[in-house]
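Read through the structure below, which is laid out as structure tokens, and then see the notes.
For this chain, numbers begin at 1 and follow the sequence in order.
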Amino acid sequence: KVRRAMSPAAPASSGKTRAAELQREYWLREFCEEEECRQLVRWLVEEGLARPKLFGERLERAVYLRELGNSYYKESDFRRALHCTLGAVHCLDFRPAEQLSHSELQREQAAGAMLPALSNLAMIFLKRGDWANAVLAADLGLRCCAKLPGDTGLQRARLLYRRALAKGEPGLIRDLAAARRDLLEAARLEPASRELRESLERCTQLMKRSDTKHRVAQGELGEVDPCGSELPQRRSLASMPSPEAAPAPLLDGKVRLATASAVVAAAVLAPLLFRLLL
């Protein structure tokens, strides 16, 4: 793979395609299709928030859009928060050809500005009930951490926690074991966090409950009473386990996430439909 200082990843290429890849933007396309990217850029222009050309101005615009997204987030307007934060990612989406001319300091500055934008995106996706993109945003944010000097433990802990929340929610990407690993690492990085400890405890309980139900369904255990002790097996058909209820969420209401049915079409950017967002 061809990797750049601030590009998520670029495919291996021949001489004919290398020039085109150097001119391609990668970050925003992790979340949007080509047409969606064009619509977002058009909306930014219409709102007077077009991406500047100079490096310093692009960083300033990214910070402004991220903070604007924060204000919408606090108002529970997660749709506009998403658009603004994706706009911040767009401002920091330097092409590989541009990155080749950046100094080491500029690369660190770009990564440092991208990191909070991706962390915010992970939380916005959680609020919108989009677990897959929440995991993706957290993954990319953790890669930004690896590019930064100094201690990024607090930022990593937040990203790991948000990725754990997404992986702990019922759905196709649910992976309680992976969620628990993330929570363990996050708790190690931020040992004073009571919220992390509570989430880790609940995740462990969910794993035990899920394992017990699986073993009962496989006939390895008898029925389990509410106190947790095993009851004698019955040999009649009545002893067959009933269909399992929907898996419980990782957290009980502390971060109650929106369901997919709560996602509405964008009013400011009506035609913009993001891949996997809805």
Side-chain angles (χ1 to χ4, degrees), residues 6 8 25-32 36-37 39-94 98 102 105-130 133-134 136-145 147-148 150-163 165-166 190 195 255 257-258 263-264 266-269 272 274 277:
M6 274 292 295
E25 297 175 5
Y26 289 94
W27 283 99
L28 188 59
R29 284 159 181 79
E30 290 288 324
F31 304 102
C32 305
E36 295 162 353
C37 290
Q39 291 173 357
L40 177 65
V41 171
R42 185 161 56 247
W43 173 74
L44 290 170
V45 172
E46 292 171 354
E47 294 295 315
L49 298 170
R51 184 174 68 185
K53 293 185 180 298
L54 298 180
F55 179 88
E57 293 177 353
R58 287 176 67 164
L59 260 63
E60 291 177 0
R61 181 61 51 83
V63 171
Y64 174 79
L65 283 167
R66 176 168 54 83
E67 292 177 349
L68 184 60
N70 286 344
S71 65
Y72 282 125
Y73 180 91
K74 292 175 182 178
E75 297 171 1
S76 297
D77 190 343
F78 306 125
R79 174 178 53 80
R80 287 187 174 88
L82 176 63
H83 295 162
C84 292
T85 310
L86 285 173
V89 171
H90 169 63
C91 289
L92 299 169
D93 201 356
F94 294 99
E98 295 173 312
H102 289 172
L105 176 60
Q106 287 177 318
R107 293 179 180 180
E108 291 178 6
Q109 290 174 331
M114 182 68 83
L115 175 56
L118 291 170
S119 184
N120 288 1
L121 268 183
M123 198 63 210
I124 293 168
F125 284 131
L126 283 171
K127 288 292 187 180
R128 290 172 62 91
D130 188 347
N133 271 326
L136 174 60
D139 286 343
L140 294 175
L142 289 168
R143 291 172 60 178
C144 275
C145 288
K147 300 177 187 297
L148 292 170
D151 184 12
T152 59
L154 180 59
Q155 294 89 338
R156 288 178 58 212
R158 290 175 179 173
L159 289 163
L160 289 165
Y161 177 52
R162 292 167 186 180
R163 187 169 70 178
L165 289 180
E190 198 174 352
E195 189 173 6
V255 181
L257 308 177
V263 180
V264 295
V268 176
L269 190 56
L272 179 59
F274 296 105
L277 298 188

Requested in this report: Please check if atom CZ in Arg158 has more than 12 non-hydrogen atoms from other residues, nucleotides or ligands closer than 6.0 Å.
Outcome: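 Open.
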Heavy atoms only: give me the nearest [X]-[Y] pair and the separation to one decimal.
| X | Y | value |
| --- | --- | --- |
| Leu159 | Gly141 | CD1-C, 3.4 Å |
| Asp151 | Gly153 | OD1-N, 2.9 Å |
| Gly48 | Arg61 | O-NH1, 4.2 Å |
| Gly69 | Ala81 | O-CB, 3.4 Å |

Using 0.5 Å steps for rounding, measure from the [atom1] atom of [X] to the [atom2] atom of [Y].
| X | Y | atom1 | atom2 | result |
| --- | --- | --- | --- | --- |
| His83 | Leu44 | NE2 | CG | 10.0 Å |
| Leu68 | Ser71 | CG | OG | 4.5 Å |
| Cys32 | Gln39 | SG | CD | 9.5 Å |
| Cys84 | Asp77 | SG | CG | 9.0 Å |
| Phe31 | Asp130 | CZ | CG | 10.0 Å |
| Leu40 | Leu82 | CG | CG | 9.0 Å |

Report task. Start with the C-alpha gap between Phe78 and Phe125, add the side-chain angles, then the distance that decides, and say whether ring-ring contact (aromatic ring centres under 6.0 Å, His included) holds. Result -> CA-CA 8 Å; Phe78 306 125; Phe125 284 131; over 10 Å; no
Query raised in the report: Mind checking what makes ring-ring contact (aromatic ring centres under 6.0 Å, His included) contact with Tyr72, not counting sequence neighbours?
Result: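 With neighbours one apart ignored, the set is empty.
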**Report entry** For Phe55, all residues meeting ring-ring contact (aromatic ring centres under 6.0 Å, His included), sequence neighbours excluded
**Finding:**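 Testing Phe55 for ring-ring contact (aromatic ring centres under 6.0 Å, His included), a comparison that skips the adjacent residues, returns Phe94, His102.
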Query raised in the report: Would Tyr73 and Arg80 satisfy side chain to side chain contact (heavy atoms under 4.5 Å, CB included), going step by step from the backbone distance to the final call?
Result: CA-CA 8 Å; Tyr73 180 91; Arg80 287 187 174 88; over 6 Å; no
Anything under 3.5 Å between a donor and an acceptor, one on a side chain of residues 109-124, the other on a protein residue two or more places apart or in another chain? List them.
from, atom 1, to, atom 2, distance (Å)
Ser119, OG, Arg162, NH1, 2.7
Asn120, ND2, Asn70, OD1, 2.9

Requested in this report: May I ask you to test the Thr85-Leu65 pair for a side-chain heavy-atom distance under 4.5 Å?
Outcome: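 The answer is no, as the side chains (C-beta and beyond) never meet within the 4.5 Å cut-off.
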Report task. Report yes if the side chains of Arg29 and Cys37 come closer than 4.5 Å at any heavy-atom pair, otherwise no. Result ->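 Heavy-atom side-chain distance check passes, below 4.5 Å.
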Query raised in the report: Can you name the residues that form a salt bridge (Lys or Arg N to Asp or Glu O under 4.0 Å) with Arg163, not counting sequence neighbours?
Result: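 Asp139, Asp182.
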Query raised in the report: Taking only residues two or more places apart in sequence or in another chain, which ones pass side-chain hydrogen bond (donor to acceptor under 3.5 Å, both in side chains) with Arg156?
Result: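 Arg156 satisfies side-chain hydrogen bond (donor to acceptor under 3.5 Å, both in side chains) with Glu185 only.
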**Report entry** Summary of salt bridge (charged side-chain N to carboxylate O under 4.0 Å, His left out) pairs that have at least one residue in residues 49-58, sequence neighbours excluded
**Finding:**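 Checked against salt bridge (charged side-chain N to carboxylate O under 4.0 Å, His left out) - neighbours excluded - the pairs reaching residues 49-58 are Glu25-Arg51, Arg58-Glu98.
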Report task. With sequence neighbours left out, write down each residue that passes side-chain contact (heavy atoms from CB on, under 4.5 Å) with Glu190, or none if nothing qualifies. Result ->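 Only Leu154, Ala157, Ser193, Leu196 meet the side-chain contact (heavy atoms from CB on, under 4.5 Å) criterion with Glu190.
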**Report entry** Backbone N/O of Leu136 and side chain of Asn133: donor-acceptor pair under 3.5 Å
**Finding:**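 Answer holds: no.
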